[in-house]
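In what follows, a structure is listed as structure tokens, so that the remarks can point back to it.
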Amino acid sequence: MRDKTPIPPLWSRMPPSVRRLLTWCGITALVPPLWAMTLSKGESLLPVGAAHAAFTAATAVPLAWARQRPTMVLAIHLAEIVTVTALGQPAAWIWPLFPASDVLVGLLTATRSRRAGLTAAGATLIVQQTSRQMDVLHLGLRPSAPGFLALSVLLGLGVLVAWMAGMVIRQRREYDLALRAHAEDRAVTDERLRIARELHDMVAHNIGVIAIQAGAGARVIDNRPEQARETLTTIEATSRQTLKGLRHLLGVLRETEHGHPGAPPAPTPPAGLSDVDRLVETAAAAGLRVDLRRRGRPRPLPDAVDRSAFRIVQESVTNVLRHADTGHCQVVLDYRSEELRIEVIDDGLGATTPAGAPIARIARIAREGSGHGITGMRERVALLNGDFSAGPRPDGGFRVTARLPLTTAEAPAEAGRTEAP
């Protein structure tokens, strides 16, 4: 099957050393603009020299750890804003710290807990508004002036937008994780249903044959010991076949990586239409004559169709053995250009029942007696986008029909390539 694994982003595909180098190149390129922004009309926040350079570096360098430690970097930036405000310097000289703080709020909200995001947003809003109001008061202006009020609103909106952007990213990530978990749970459930169908198809058929053979052997053991011996031989062969299938199914469930110590041997090919003749022989040994007819040109089919078709025939023959009270049934495999049609017909439950009883009795078997057999067949056909029907015939007996398209079977075939027989 074609590999559809998504390609990681370019940044994730880079070696860690390259990512660190690019990060520090970006931080280094940010230092000169910050140096220039903290100068105004020949004056500076600090004396131009080592102190000024240290402040500029302290503003830019923490951003290198913003992704790994956004809380620490945000705390450093807010502390710088508080320090500048406490020194009575104009807030305009450190304005890059305001949008940087907003970005850190969004990053914190997206990657940390909801409480951490709200705390970061609240602290940033308080520090920014306090710094701006103190700056206005230091200049001897009225904070309630329309222009300053509008600037305060813009600062608040910046923090709010950053927090909302972080929440959107966070919720999207949580939704994706929930979808992935749901898909994994669904895959586990589907696998359990598949295994249940396999166990039912394999065990119900073989155990049904064994039960019928055991009953027949018990009736003839005194009068015809040779026939009883043949019956016991058939029971032994069927039991071994059942154990082999169960062992293989458990091996598939326990299968580990190829070559791992203790890994089971390579599984045997799953049962398909090539095993129908063996199924006919097993049914004949149990006293049911199966008239197998093939129409069209038999040819290799997609794996999913091949396996499902055999299981449908097997389950239908098993139901005839267990419920139909007849010694004959007919199986038709009709190979067409774009589909496979299956029909299993029996005339049971009619010869020894009162008038009107066959339909009611067959309907009861279809509803109850077959357990999960008909449901399993219907699910198999539905997975292949086919059609399925099972019900009593007007003139007595029971009919199972299935239509399996061949053109839509490739994807299910890939999905079930490790399916057990």
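Heavy atoms of other residues, nucleotides or ligands lying less than 6.0 angstrom from CZ of R295 number 12 at most. Counted within 6.0 Å of CE on M167, heavy atoms from surrounding residues, nucleotides or ligands total more than 12; the atom is thus considered enclosed. Within a 6.0 Å sphere centred on CZ of R115, heavy atoms belonging to other residues, nucleotides or ligands number 12 at most.
The minimum heavy-atom distance linking A66 with L107 is given by the pair O-CD2, 3.2 Å. Taking all atoms of both residues into account, the shortest heavy-atom contact from S101 to H77 is OG-CB, 3.9 Å. In plain terms, the two heavy atoms of A402 and F388 that are nearest each other are CB-CD1, 4.1 Å. Among all heavy-atom pairs drawn from V400 and S316, the shortest one is CG1-OG, 3.6 Å. Heavy-atom minimum distance, F310 versus L273: N-CD2, 3.8 Å. Considering all non-hydrogen atoms of both residues, L406 and P302 come closest at O-CG, 3.9 Å.
The shortest side-chain heavy-atom distance between D102 and Q128 falls under the 4.5 Å cut-off. Side-chain contact check for W163 versus L108: every heavy-atom pair is 4.5 Å or farther apart. Proximity of L404 to E339: side-chain heavy atoms (C-beta onward) are nowhere separated by under 4.5 Å. Taking the side chain as every heavy atom from C-beta outward, R311 and M377 never approach each other to under 4.5 Å.
Under the salt bridge (charged side-chain N to carboxylate O under 4.0 Å, His left out) test applied with E343, the options R293, R393, R399, R294 reduce to a single match, R399.
Side-chain atoms of Q133 and S152 form a donor-acceptor pair, as typed in the model, at a separation below 3.5 Å. Defined by atom type and a distance below 3.5 Å, a donor-acceptor pair is missing between the side-chain atoms of D346 and T326.
Ion pairing between R403 and D387 holds under the 4.0 Å rule for side-chain N and carboxylate O. By the 4.0 Å N-to-carboxylate-O rule, E281 lies too far from R278 to be salt-bridged with it. With respect to R172 and D176, a salt bridge is recorded, a charged nitrogen being found less than 4.0 Å from a carboxylate O.
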